[in-house]
Amino acid sequence: MRSVEQSRARGRAPVRELVLDAARATVLDQGWRAVRMGALATEVGLSRQTVHLEFGTKADLGSALVRREIDGLLADISTALHAHPGDPLASFRDAAAVTLTSMAANPLLQIIIGGEGDQDLLALLTSRGAWVLSGAHQMLEEWAATSLADLDPVRVEAMVEPVVRLTLSHGVTPTLPIPDAVASIVRVACLLIGLPDPGPGPDAPSTPST
């Protein structure tokens, strides 16, 4: 039974990706309001019923689209976190830089954040963004469990939530140049876990900033 379920899941994956790719292209070209389930179905060569069965409503499609974008971002952040074994300062810096530069360079996220898409999509990153925080929280917590194992576990645990929220806040509502925002995030993280204060100005981040 499990192999049958896995085969069905593999068969659905290309369908989901085709529809999500088409929806993403439409949003980038014409905005979220231009997305129509029937038009997407025609574009990718499926029936409208198939698309509705796969995603449900247009709101569900939007949720899947945003989640795919964020999942890709979280994967890149995880790679950055693990790129500097034994150097938490560099890990914090690269992870923060990847987060902010990727969000700033992602055209779909910028449309959503800029309010040019739909309030329901924006809410998935803000008022209904608990799933984003949860995913980032778990990722940072798992990294810290091994990379910061020699530090006070109480301080490490207390660091995760504010650093995640601070980073997301800088990404959604940028008020500083990216290098300055990265420096702020790194400094807060270091102070919370008891590492030496790196000061307000970081070394040049290894990830290019905009």
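Asp87 pairs by the side chain to side chain donor-acceptor pair (under 3.5 Å) definition with nothing, not counting sequence neighbours. Remark: Ser47 engages Gln49, Thr50 in a side-chain contact (heavy atoms from CB on, under 4.5 Å) (not counting sequence neighbours). Qualifying side chain to side chain donor-acceptor pair (under 3.5 Å) partners for Thr175, counting only residues two or more places apart in sequence or in other chains: none. Applying the side-chain contact (heavy atoms from CB on, under 4.5 Å) rule to Ser78 yields the partners His82, Met139; only residues at least two apart in sequence or on another chain are considered. The side chain to side chain donor-acceptor pair (under 3.5 Å) test applied to Asp150 returns no partner, not counting sequence neighbours. Applying the side-chain contact (heavy atoms from CB on, under 4.5 Å) test to Thr57 and every residue at least two apart in sequence or in another chain returns Ala59, Asp60. Checked against salt bridge (charged side-chain N to carboxylate O under 4.0 Å, His left out), Arg165 has the following partners two or more places apart in sequence or in another chain: Glu161. Take Ala34 and apply the side-chain contact (heavy atoms from CB on, under 4.5 Å) test, not counting sequence neighbours, and it matches Thr26, Gln30. With sequence neighbours left out, the side chain to side chain donor-acceptor pair (under 3.5 Å) criterion links Glu157 to no other residue.
A donor-acceptor pair under 3.5 Å is absent between the side-chain atoms of Ser147 and the main chain of Ala144, judged by distance alone. Looking at Ser184, its side chain never comes within 3.5 Å of a backbone N or O of Asp180 through a donor-acceptor pair. Looking only at distances, a side-chain donor or acceptor of His52 sits under 3.5 Å from a matching main-chain atom of Gly56.
Nearest heavy-atom pair, Lys58 versus Trp32, reported as atom, atom and distance to 0.1 Å: NZ-O, 3.1 Å. Between Ala23 and Leu40 the shortest heavy-atom distance is N-CD2, 3.6 Å. The minimum heavy-atom distance between Leu28 and Leu108, with the atom names listed, is CD2-N, 3.7 Å. Annotation for Leu100 and Thr167: closest pair CD2-O, 3.7 Å, computed over non-hydrogen atoms. Nearest heavy atom pair, residue Ala104 against residue Ile178, reads CB-CD1, 4.2 Å. Scanning both residues, Arg187 and Pro198, for their nearest heavy atoms gives CA-CG, 4.0 Å.
Residue Ile112 holds its CD1 atom at 9.5 Å from CE of Met103, rounded to the nearest 0.5 Å. How far CG of Leu74 is from OG of Ser102: 10.5 Å, rounded to the nearest 0.5 Å. Of the inter-residue distances, the one linking Ser91 atom OG with Ile77 atom CD1 reads 13.0 Å to the nearest 0.5 angstrom. Atoms CE and SG, on Met159 and Cys190 in that order, are 9.0 Å from each other to the nearest 0.5 Å. The distance from the NE2 atom of His137 to the CG atom of Leu140 is 8.0 Å, given to the nearest 0.5 Å. Rounded to the nearest 0.5 angstrom, Leu192 CG and Asp152 CG are separated by 12.0 Å.
Val163 and Leu133 fall within a single hydrophobic cluster, where Ile, Leu, Val, Met, Phe, Trp and Tyr side chains are chained together by heavy-atom contacts under 4.5 Å. Using a 4.5 Å cut-off between side-chain heavy atoms of Ile, Leu, Val, Met, Phe, Trp and Tyr, with links allowed through other members, Val172 and Trp131 fall into the same hydrophobic cluster.
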In residues 65-73, what donor-acceptor pairs under 3.5 Å come from side-chain atoms, sequence neighbours left out?
unit_1, atom_1, unit_2, atom_2, d
Arg67, NE, Ser63, OG, 3.4
Arg68, NH1, Glu17, OE1, 2.7
Arg68, NH1, Asp21, OD1, 2.9
Arg68, NH2, Asp21, OD1, 3.0
Glu69, OE1, Arg24, NE, 3.3
Glu69, OE2, Arg24, NE, 3.0
Glu69, OE2, Arg24, NH2, 2.7
Glu69, OE2, Asn106, ND2, 3.0

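Side-chain contact check for Leu18 versus Val15: every heavy-atom pair is 4.5 Å or farther apart. Counting heavy atoms from C-beta outward, Val164 and Val132 have side chains that stay 4.5 Å or more apart.
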>> Assess the residue pair Phe92 and Ile185 against the criterion (side-chain contact (heavy atoms from CB on, under 4.5 Å)); give the C-alpha distance rounded to whole Å, side-chain angles, the decisive distance to 0.1 Å, and a yes or no.
In response: CA-CA 8 Å; Phe92 280 130; Ile185 294 165; over 6 Å; no

>> Apply side-chain contact (heavy atoms from CB on, under 4.5 Å) to residues Val186 and Leu89 and explain how you reach the verdict.
In response: CA-CA 7 Å; Val186 172; Leu89 180 62; 3.2 Å; yes

